[in-house]
**Student:** 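Take this structure, written in structure tokens, and hold onto it; I'll ask about it next.
If you're wondering where the values come from, they're calculated on a predicted model, not measured in any experiment. Position 1 is the first residue of the sequence; numbering continues from there.
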Amino acid sequence: MNKILKFIFPKLFLSEEEKNEIIKDLRVNTNFMTKEQMLRKDSSFKKEVEFKLEKGEVKSILIPDFGNHTGFKITKWYFKTGSNVKAGDIICNIENKKLTMELESIYDGKLISINQTKEELATGVEICKVEGI
């Protein structure tokens with residue numbers, strides 16, 4: 001049990017130095033914002049990242065550019081193909097050796113295809129497709 005805790009605990013709680021290193025790496029992407037920065041922006045931020053789909057229109061959700069972080073894998077899906085999602089719904093978890101994050105849908109619609117879990121994905125690779133309903 002002690003070995004398990006020693007393995008899991010550091011992965012659950014990063015030191016401030018590790019957090020700052022990750023944020024520094026992510027800031028390479030000019031679109032990156034911390035949660036605090038997003039909360040400081042006015043409510044128009046949410047309108048900027050939400051896109052409306054016309055009925056039958058299909059759009060892809062892609063692996064975002066995380067600067068020099070690569071080697072992401074989808075580890076968990078919260079929805080199945082055919083499920084309806086709304087903008088802001090957490091659709092899956094993605095992770096690499098340093099980061100684990102929840103990925104939100106930016107569209108309202110129906111998931112018509114999803115990528116496999118555990119496959120290594122590069123920036124810009126399609127995670128899923130959403131069809132407007």
**Student:** Tell me if a side-chain donor or acceptor on N93 pairs with a main-chain N or O of T75 at a distance below 3.5 Å.
**Tutor:** no
**Student:** Checking I94 against M101 for the side-chain contact (heavy atoms from CB on, under 4.5 Å) test, could you report, in this order, the C-alpha distance in whole Å, the side-chain angles of both residues, the deciding distance, and whether it holds?
**Tutor:** CA-CA 6 Å; I94 59 174; M101 66 181 299; 3.6 Å; yes
**Student:** Would you say I112 and V130 make side-chain contact, with heavy atoms under 4.5 Å?
**Tutor:** no
**Student:** Stepwise, does the salt bridge (charged side-chain N to carboxylate O under 4.0 Å, His left out) test hold for E21 with K24?
**Tutor:** CA-CA 5 Å; E21 181 183 329; K24 181 182 172 189; over 6 Å; no
**Student:** To the closest 0.5 Å, what do you measure between NZ (K98) and CZ (F72)?
**Tutor:** 11.0 Å
**Student:** I'd like to check L62 versus I127 (side-chain heavy atoms, cut-off strictly below 4.5 Å). Are they in contact?
**Tutor:** no
**Student:** Looking at side-chain heavy atoms only, is the closest gap between E18 and N20 below 4.5 Å?
**Tutor:** no
**Student:** Between the side chains of Y78 and D89, is a donor N or O closer than 3.5 angstrom to an acceptor N or O?
**Tutor:** no
**Student:** Under a single-linkage definition using a 4.5 Å side-chain heavy-atom cutoff for Ile, Leu, Val, Met, Phe, Trp and Tyr, are V58 and L53 assigned to the same hydrophobic cluster?
**Tutor:** no
**Student:** Which pair of heavy atoms, one from N84 and one from K110, lies closest together, and at what distance?
**Tutor:** OD1-CB, 3.5 Å
**Student:** Shortest non-hydrogen contact from G56 to E131?
**Tutor:** CA-OE2, 3.6 Å
**Student:** Less than 4.5 Å apart, side chain to side chain, heavy atoms only: is that true for K59 and E57?
**Tutor:** yes
**Student:** What's the spacing between K76 NZ and E95 CD if we round to 0.5 Å?
**Tutor:** 12.0 Å
**Student:** What's the separation between atom SG in C92 and atom CG in L103, rounded to the nearest 0.5 Å?
**Tutor:** 4.5 Å
**Student:** What's the spacing between K73 NZ and L121 CG if we round to 0.5 Å?
**Tutor:** 9.5 Å
**Student:** Measuring from atom CD of E120 to atom CD1 of I63, what distance do you get when rounded to the nearest 0.5 angstrom?
**Tutor:** 10.5 Å
**Student:** Check whether any side-chain heavy atom of I91 lies under 4.5 Å from a side-chain heavy atom of C128, and answer yes or no.
**Tutor:** yes
**Student:** Check whether E119 reaches the backbone of Q116 with its side chain - one donor and one acceptor, N or O, closer than 3.5 Å.
**Tutor:** no
**Student:** Can you measure from NZ (K86) to CD (E104) and round to the nearest 0.5 angstrom?
**Tutor:** 14.0 Å
**Student:** Does the pair K52 and D108 meet the rule for a side-chain contact (heavy atoms from CB on, under 4.5 Å), with working shown?
**Tutor:** CA-CA 7 Å; K52 300 293 180 194; D108 291 343; 3.8 Å; yes
**Student:** Can a donor-acceptor pair be found, under 3.5 Å and without considering hydrogens, that links the side chain of W77 to the backbone of N115?
**Tutor:** yes
**Student:** Could you tell me whether the side chain of I61 reaches within less than 4.5 Å of the side chain of S105, counting heavy atoms only?
**Tutor:** yes
**Student:** Would I90 and L99 show up in the same hydrophobic cluster when neighbours are defined by side-chain heavy atoms closer than 4.5 Å?
**Tutor:** yes
